[in-house]
Amino acid sequence: CKYHFPISARERITLTLDPDSFNEYDTDIQSTDPLEFRSRGEAYSSKLEQYAERTGSKEAFRFGTGSIEGLPLVLGVTEFGFCGGSMGAAFGEKVTRAIELAEREQLPLAIFSTSGGARMQEGVLSLLQMAKTIAALDHFKTTALPFFSVMHDPCLGGTTASYAMLGDVNIAEPGAYIGFAGRRVIEQTMRQKLPADAATAEFLQKHGMVDLVVPRSDLAATLARLIRLYVSGNVAIEGHELVAQHA
């Protein structure tokens with residue numbers, strides 16, 4: 001129907017990768033409650049347990065190796081149902097490990113992002129993840145392997161202000177709201193109304209912040225085409241092993 005309903009991380013993996021090709025890493029990494037944060041009398045640690053039970057994941061970011069049209073890559077996806085896909089210490093650690101895995105295995109990297117931003121329940125520890133993920137990406141770029149960033153609705157705050165906007169190719173789903181702050185916050189700060197399409201994927205493409213706006217049904221094929229363009233002849237699958245071939 002061309003309407004991009006929210007989907008889970010598990011559904012995103014299934015839609016993107018070849019069947020049975022996903023090999024997930026570091027599933028045991030999870031957030032703690034360093035600030036002993038409470039909201040309306042409920043402990044953050046209790047909320048983490050509820051998010052894990054609801055989503056079947058211990059954290060809002062999942063990553064591993066897989067393939068698209070037989071082409072190997074490292075794929076990271078965000079689970080919005082886990083604390084709004086927000087980035088805390090465990091989230092940032094897993095994003096960094098995904099980047100380091102791609103560098104170590106000499107594979108292209110794709111990360112799907114949907115997030116409310118940095119996780120306020122972890123204070124400055126969550127903000128540190130912005131610098132941490134950017135530093136990891138900066139080192140990854142020395143490999144000359146590509147990083148494809150795919151943003152879907154919504155993608156906001158510290159996630160957008162760090163790794164999500166640093167792709168060699170930045171891709172967005174149609175109509176996705178992408179930015180640093182929400183419309184109401186911006187309008188109240190600036191004391192003026194924003195254009196109706198402000199911060200949408202199409203608006204960002206028009207102004208050079210997004211390279212491609214791609215319907216969900218075409219994303220896997222688009223990523224496969226980009227991998228071929230960037231690393232044609234450098235990657236292959238031998239049996240069930242993901243390997244890199246160096247010229």
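Atom set for the values below is all heavy atoms of this structure, side chains included, hydrogens, waters and symmetry mates excluded. Bear in mind that the values here come from a model prediction, so they are computed numbers and not experimental data. One-based numbering along the sequence shown.
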Chemist: For the residue pair Gln121 / Glu36, report whether a side-chain donor-acceptor contact shorter than 3.5 Å exists.
Modeler: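 Their side chains do not contain a donor-acceptor pair, so the 3.5 Å distance test is not met.
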
Chemist: Tell me, which pairs form a side chain to side chain donor-acceptor pair (under 3.5 Å) where one or both residues lie in residues 204-222, sequence neighbours left out?
Modeler: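 Qualifying pairs: Glu173-Arg216.
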
Chemist: Under 3.5 Å, is there a donor-acceptor pair linking the side chains of Ser8 and Glu11?
Modeler: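 Result is yes, a qualifying pair exists.
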
Chemist: Tell me every residue that passes side chain to side chain donor-acceptor pair (under 3.5 Å) with Lys58, counting only those two or more places apart in sequence or in another chain.
Modeler: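 Listed in chain order: nothing, the list is empty.
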
Chemist: Is Asp26 paired with Arg97 through a side-chain N to carboxylate O contact shorter than 4.0 Å?
Modeler: yes

Chemist: Output all residues satisfying salt bridge (Lys or Arg N to Asp or Glu O under 4.0 Å) with Lys132, sequence neighbours left out; order by chain, then residue number.
Modeler: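 With sequence neighbours excluded, Lys132 shows a salt bridge (Lys or Arg N to Asp or Glu O under 4.0 Å) to Glu93, given in chain and number order.
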
Chemist: Going by an N to O cut-off under 4.0 Å, is there a salt bridge joining Glu69 and Arg228?
Modeler: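 Yes, charged N to carboxylate O under 4.0 Å.
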
Chemist: Can the ring centroids of Phe82 and Phe80 be said to lie less than 6.0 angstrom from one another?
Modeler: no

Chemist: Is the centre of the Phe148 ring less than 6.0 Å from the centre of the Tyr230 ring?
Modeler: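 Yes, they do, as the ring centres are separated by less than 6.0 Å.
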
Chemist: Would you say CE of Met209 has more than 12 non-hydrogen atoms from neighbouring residues, nucleotides or ligands within 6.0 angstrom?
Modeler: no

Chemist: A quick test of your reading: do over 12 heavy atoms of other residues, nucleotides or ligands sit less than 6.0 Å from CZ of Phe37?
Modeler: yes

Chemist: Could you check whether Glu122 and Ser31, counting side-chain N and O atoms only, form a donor-acceptor pair closer than 3.5 Å?
Modeler: yes

Chemist: Any chance the side chains of Arg119 and Ser86 put a donor and an acceptor closer than 3.5 Å?
Modeler: yes

